[in-house]
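The structure appears below as structure tokens.
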Amino acid sequence: MLNRRRFLASTTAAAALSALGISPQALAAARLKLGTAQAFSFDALTARARELASKAYQPQSRIPREVLDQIDYEAHGKIKFKTGYAPFADGPGAFPLTFFHLGKFFLVPVRMYLLEGEADRRRAREIVYSDDYFDMPADSPAHRLPAGSGFAGFRFQESRLADQQKKDWHNNDWVAFLGASYFRAIGDLYQYGLSARGIAIDVAQPDKPEEFPDFTQFFFEPSAPGSDTVVVYALLDGPSVTGAYKFTMRRGQGVTMEVDKSLFLRRDVKRLGLAPATSMYWFSETVKGTGVDWRPEVHDSDGLAIWRGNGEHVWRPLNNPPRTMASAFGDSNLRGFGLCQRDRNFDHYQDGVMYERRPSLWVEPLEGWGDGEVQLIEIKTDDEIHDNVVAMWVPKAPATAGASYRLRYRLYWQGDEPFPSPMARCVATRLGNGGQPGQPRPPNVRKFMVEFKGAPLQALPFGTRPEAVLESSRGSFSYVFTEPVPNGVAGHWRAQFDLTVDGDDPVELRLFLRDKGQALSETWLFQYHPFKTSTVY
């Protein structure tokens, strides 16, 4: 039996969603309660963000904490959005929209709005929260939340159209925004992994805590019938920054997002991270102590790839460092960077959570970003539950109060980099005890095996060995040579060398393969943290 609240929700939705081109039959199924229509444009949203930045920060109104604390991980997992209420479940467009519930780990209510009307006369209506929209146990603490509390985030489900269907849309989604300014998407291997963020503020600063601004409002534009693209607008707010975002997201072989954002600083920021990506790296074949874990490798990403403004391709394997480390790679007119998962062999992980299918995330600037640095932050971790790696673009100019930024870039969520180097690529980095077999192994010598594979190496004349071009910030090299990997795979070579170094300070290493003065491989960079043979990570 429909109660009065559900009847009002149904009739309010009918008036609003009919403007979106949805049939009355679909409206009856949706039964969403919508607020009063308000004028909307991206320019107006940007102006609002600029105005907010001129005022003192006002934290979002919070739901009673005593209730949210009871919606812990277990209780939150039992709360599911009912797909019968999903906007766009019957069109227009291909992708139904569903929502996440608030809880102990998602405290900030986020307002969701549906857009209607033509582009020059667009209006927004808030989707008013109701626990009717969620399946939850009768004794769930979520029932005690106030009316209109808001949502925690959203996701787009897979296509509802038969000619586009990759998975059953009721149970599978392809992009999700949840928590602060975090969002993520699946790649062409149908698996979530690392996350992107709208902004990163003062990551790993020793004298101040990191700040996590929130997406506080989202606006959903109805898609054209049959379109593989969705458009979402967002308002960002935090103690140091405000922003307006436009996300144009395409579900193709993987997921591609075009981001157009304007940022406004309320106060000085020491480390302003633009287009940040956040991932997890615990251990891999590179360095692993005995008995740390039964699996051979555990990571969402295994390296940072950079395509520099001068055309050089760089590969920097990730570390689980002994302490928090920040590395900077200066550049001008950067072509792109990304946190990538190159190792796609299940046998290297042996885990049902499918690390071998985690997507890589590539950032492509769509306009010149000028001078700055790709910064890589690596934080020590002892478990896979922590995202301990951040990669981001940091402008050279100081980020001071009153400054503003307009940035456009494209994000590629897929199995491989969208613009891979034509040179041989690094496919493995392995460390072991240095010295020679049958002799005592000195504790200050480390052996490196760096593998490359690709067409330039395959094209080497028979009997030709590429040269290993090595540099280090300190220490000395010995036993340097190259050889084909003895697996019968053409174009698969490795460079071997021993590094002798004293002290505990990290060593910056650089390596590429060359023949007759011509580079054959991308550039391998590595930050080595000296440790004794007995060290267990």
Side-chain angles (χ1 to χ4, degrees), residues 73 77 105-106 153 175-187 189-200 203-204 210 212 254-255 273 275-289 292-306 315-327 337-363 374-392 411-417 428-429 526-527 529 536-537:
Y73 182 83
F105 303 106
F106 309 106
V175 63
F177 284 64
L178 178 63
S181 68
Y182 285 83
F183 58 98
R184 60 182 185 160
I186 63 174
L189 300 176
Y190 301 98
Q191 180 64 43
Y192 281 115
L194 78 170
S195 298
R197 297 159 69 175
I199 193 72
V203 180
E210 182 176 355
F212 295 92
V255 175
T278 298
S279 192
M280 180 276 294
Y281 176 88
W282 186 11
F283 61 85
S284 71
E285 61 199 4
T286 302
V287 179
K288 177 190 175 184
V292 170
D293 190 87
W294 64 270
R295 295 161 293 183
E297 302 187 41
V298 177
H299 50 78
D300 285 334
S301 307
D302 52 15
L304 168 67
I306 304 174
W315 177 251
R316 163 59 156 80
L318 296 179
N319 271 321
N320 180 5
R323 60 186 183 278
T324 298
M325 300 296 300
S327 302
F337 72 97
L339 289 174
C340 302
Q341 185 82 312
R342 284 190 175 177
D343 191 338
R344 297 295 179 188
N345 190 332
F346 170 80
D347 291 340
H348 294 180
Y349 302 95
Q350 293 288 332
D351 198 317
V353 299
M354 297 173 287
Y355 284 115
E356 77 281 0
R357 289 169 49 182
R358 302 297 167 105
S360 297
L361 174 56
W362 183 262
V363 181
V374 175
Q375 291 195 7
L376 175 67
I377 310 298
E378 296 166 300
I379 302 169
K380 179 178 176 60
T381 187
D382 59 1
D383 206 329
E384 64 200 282
I385 63 173
H386 305 295
D387 283 346
N388 64 316
V389 176
V390 180
M392 56 195 171
L411 300 176
Y412 297 85
W413 306 78
Q414 52 193 46
D416 197 5
E417 301 157 41
T429 301
F526 190 72
Q527 186 179 80
H529 294 268
V536 175
Y537 272 34

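Every value quoted in this text rests on a predicted model; they were computed, and no experiment measured them. Scope of the values below: all heavy atoms of this structure, side chains included, with no hydrogens, waters or symmetry mates.
Taking NZ from K380 and CD from E378, the interatomic distance works out to 12.5 Å, rounded to the nearest 0.5 Å. S279 contributes atom OG, which lies 4.5 Å from atom CG of D300 (distance to the nearest 0.5 angstrom). Considering OG1 of T429 and CZ of F526, their distance stands at 6.5 Å, rounded to 0.5 Å. Rounded to the nearest 0.5 angstrom, H386 NE2 and M280 CE are separated by 10.5 Å.
A pairwise comparison of heavy atoms in Y73 and F105 identifies N-CE1, 3.8 Å as the closest pair. Between A180 and F212, the shortest heavy-atom contact is CB-CB, 4.2 Å. The two residues C340 and E417 come nearest to each other via the heavy atoms SG-CG, 3.6 Å. Nearest heavy atom pair, residue A204 against residue T324, reads CB-CG2, 3.8 Å. Residue T278 comes nearest to R197 through the heavy atom pair OG1-CD, 3.0 Å, listed as atom of the first residue, atom of the second, then distance. Minimum heavy-atom separation, F337 to L304: CD1-CD1, 4.3 Å.
Checked for salt-bridge contact, E384 and R295 meet the test: a charged N lies under 4.0 Å from a carboxylate O. The pair E356-R342 does not count as a salt bridge, with every side-chain nitrogen at least 4.0 angstrom from each carboxylate oxygen.
Using a 4.5 Å heavy-atom threshold, the side chains of T381 and I379 count as separate. With a 4.5 Å cut-off on side-chain heavy atoms, V389 and I377 do not count as touching. Considering only heavy atoms from C-beta on, I186 stays 4.5 Å or farther from P359 through its side chain. Within the 4.5 Å cutoff, side-chain heavy atoms of H529 are placed close to those of N319. Inter-residue side-chain proximity for V292 and F283 is flagged as met; some heavy-atom pair is nearer than 4.5 Å. W413 is not listed as a side-chain neighbour of W362, based on a closest heavy-atom distance of 4.5 Å or more.
Within the 3.5 Å criterion, the main-chain N or O of V255 finds no donor-acceptor partner in the side chain of Q414. S181 places a side-chain N or O within 3.5 Å of a backbone atom of G198 that can act as its donor or acceptor partner. R344 contributes a side-chain N or O that, together with a main-chain N or O of G415, makes up a donor-acceptor pair within less than 3.5 Å. At distances below 3.5 Å, not a single donor-acceptor pair connects side-chain atoms of Y190 with backbone N or O atoms of G254. Checking side-chain atoms of N388 against main-chain N and O of Y281 turns up a donor-acceptor pair under 3.5 Å. R184 places no side-chain N or O within 3.5 Å of a backbone atom of L194 that could act as its donor or acceptor partner. A donor-acceptor pair is defined here as one N or O able to donate and one able to accept, closer than 3.5 Å; such a pair exists between the side chain of S284 and the backbone of T286. In this structure, the side chain of D351 engages the main chain of V353 through a donor-acceptor pair within 3.5 Å. The closest donor-acceptor contact from the side chain of N320 to the backbone of W282 lies under 3.5 Å.
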Q: For side-chain contact (heavy atoms from CB on, under 4.5 Å), just list the numbers for L361 and L339, CA-CA rounded to whole Å, side-chain angles, deciding distance to a tenth of an Å, and then say yes or no.
A: CA-CA 6 Å; L361 174 56; L339 289 174; 5.5 Å; no
Q) What do the steps show when you test R358 against S301 for side-chain contact (heavy atoms from CB on, under 4.5 Å), and what is the final call? A) CA-CA 8 Å; R358 302 297 167 105; S301 307; over 6 Å; no
Q: Output, in order, the C-alpha distance, side-chain angles, deciding distance and verdict of side-chain contact (heavy atoms from CB on, under 4.5 Å) for Q341 and D343.
A: CA-CA 6 Å; Q341 185 82 312; D343 191 338; 5.6 Å; no
Q) Does the pair H299 and L318 meet the rule for a side-chain contact (heavy atoms from CB on, under 4.5 Å), with working shown? A) CA-CA 10 Å; H299 50 78; L318 296 179; over 6 Å; no
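Between Y355 and Y349, the ring planes lie tilted relative to each other; the angle falls in the 30° to 60° range.
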